[in-house]
Colleague: 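Starting off with a structure, shown below.
Chain identifiers are assigned alphabetically (A, B, ...) following the order of the sequence lines, protein sequences preceding nucleic acid strands; residue numbering begins at 1 within each chain.
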Amino acid sequence: MKTDEDRELMLSFKQGNPCAFDALFDRYRDPVFNFLCRMLGGQTDRAEDLLLEVFVKLAEARDRYEPTAPFASWIFAVARNHCLNYLKSRTRRQDLQTVSLDAQMPGAEATLGESLAAPPSRSPAQRETGALVERAIAALPAEYRDIFILHAMEGFAHEAVARMTDQNPATVRTRYHRARQMLRAALGDVLGSPDPQPQEARP
Amino acid sequence: MNPTPPCQSVRDDLSPYLAGDLESGHARVIADHLAHCAACRAEQAALESLDGLVTALPRLRPSAAADLRIREAVHASLPRAPRTDFGPVLDADDLAEYLHVDRLTIEVCLDELPAFEFGGKLLFRKASVDAWIERKERTFAGQLHAAIGKQEAIETARSEGGVTWTL
């Protein structure tokens, strides 16, 4: 069982075994990096910096690690908190009127198309669609974006996401569906003809 | 047939419906509506195609440089386990580590240590160093306990933050 192996590795790392860290890093480097990149709207350089900070934090906190919760929940909770703090501090630095996390991320637009959706194996049309989807995900409010990425892209069950984000599973579920609807609305043209009924026409 | 709900309320529930998150009665109402409403079926298809597009997004990897940087940063932060794997011949750095002193101490105390020179390098036979240690071994009496007894000496030392040794 993967979770048990994670726990063994983390306990071994806690005792100072550097190989155990390498094994954990091999397992979680890409999932955490994908999460960070998408949370940051494709700023891969920044995501690499945060990835370093997350794993250094893990190393610093290893003495306090208790194998009560699955390791994955722990590392993603650290990554998410770190990322939200970074987004908040960036919003503050930019001295924006709003302190909400869903503020537009300047710089993200420029790199999104190229860095996230551009493996050469894809056709230009696929790449263009991919870039639109990435942009729509990046534009989700942060409290929907984290849940959507963790569930739809990193494959965690709602219950696991609830543990990672310290929310109850019902909230996580509701937010996930809301995020999907927001994406559908944002990608109207890409996904086929948009809603023929104007939303305002509801009784 | 049940009165079919308005399209908008069906669409609001399409995502949980597709994920199997609706209770069965509610899900049946949605299914009935979908069976008769091409526009809402198109919405269902749009959501499914959204899932497909999201799944098809490329997986990303950090650069090799970042990978290395992170491993090195973490390894450097780990306490180094004391070495125990010394071979029969030590160089000055090995000896410093073996004796838990810095290299400068070794250099300053070279006149005491059993060493030999080879290939322009000062080397130390571990067995000779061990024998040298054996010759140096003795007991160290703190200047306090003779007069006041060990227990009191310990307490005094504790309150003063350590024992001053006269070597």
Colleague: Under 3.5 Å, is there a donor-acceptor pair between the B/D12 and B/S9 side chains?
Modeller: no

Colleague: Should the ring pair A/H151 and A/H158 be called parallel, tilted or perpendicular, given that the plane angle runs from 0 to 90° and is split at 30 and 60?
Modeller: parallel

Colleague: Which class fits the ring pair A/Y176 and A/F148: parallel under 30°, tilted 30 to 60°, perpendicular over 60°?
Modeller: parallel

Colleague: Give the member of B/A19, B/C40, B/P62, B/A66 that has the highest number of heavy-atom pairs under 4.5 Å with chain A.
Modeller: B/P62

Colleague: Counting only heavy atoms closer than 4.5 Å, note whether A/F55 contacts chain B via side chain, backbone, both or neither.
Modeller: both

Colleague: Between A/R29 and B/D67, is there a salt bridge with N-O shorter than 4.0 Å?
Modeller: yes

Colleague: Against chain B, label A/R173 side chain, backbone, both or neither, depending on which of its atoms sit under 4.5 Å from a heavy atom there.
Modeller: side chain

Colleague: Name the region of A/L187, side chain, backbone, both or neither, that has any atom closer than 4.5 Å to a heavy atom of chain B.
Modeller: side chain

Colleague: Please rank A/N17, A/L51, A/L36 by heavy-atom pairs under 4.5 Å with chain B and give me the top one.
Modeller: A/L51

Colleague: Where on B/S49 is there a heavy atom nearer than 4.5 Å to chain A: the side chain, the backbone, both, or neither?
Modeller: both

Colleague: So which residue, A/E60, A/R62, A/R178, ends up with the most heavy-atom pairs under 4.5 Å with chain B?
Modeller: A/R62

Colleague: Can a donor-acceptor pair be found between the side chains of A/Q167 and A/T165 at a distance below 3.5 Å?
Modeller: yes

Colleague: Under the salt bridge (charged side-chain N to carboxylate O under 4.0 Å, His left out) rule, what do B/R71 and A/D26 come out as? Steps first, then yes or no, please.
Modeller: CA-CA 10 Å; B/R71 287 180 205 269; A/D26 287 341; 2.7 Å; yes

Colleague: When only pairs under 4.5 Å are counted, which of A/D45, A/L52, A/N34, A/I137 shares the most heavy-atom pairs with chain B?
Modeller: A/N34

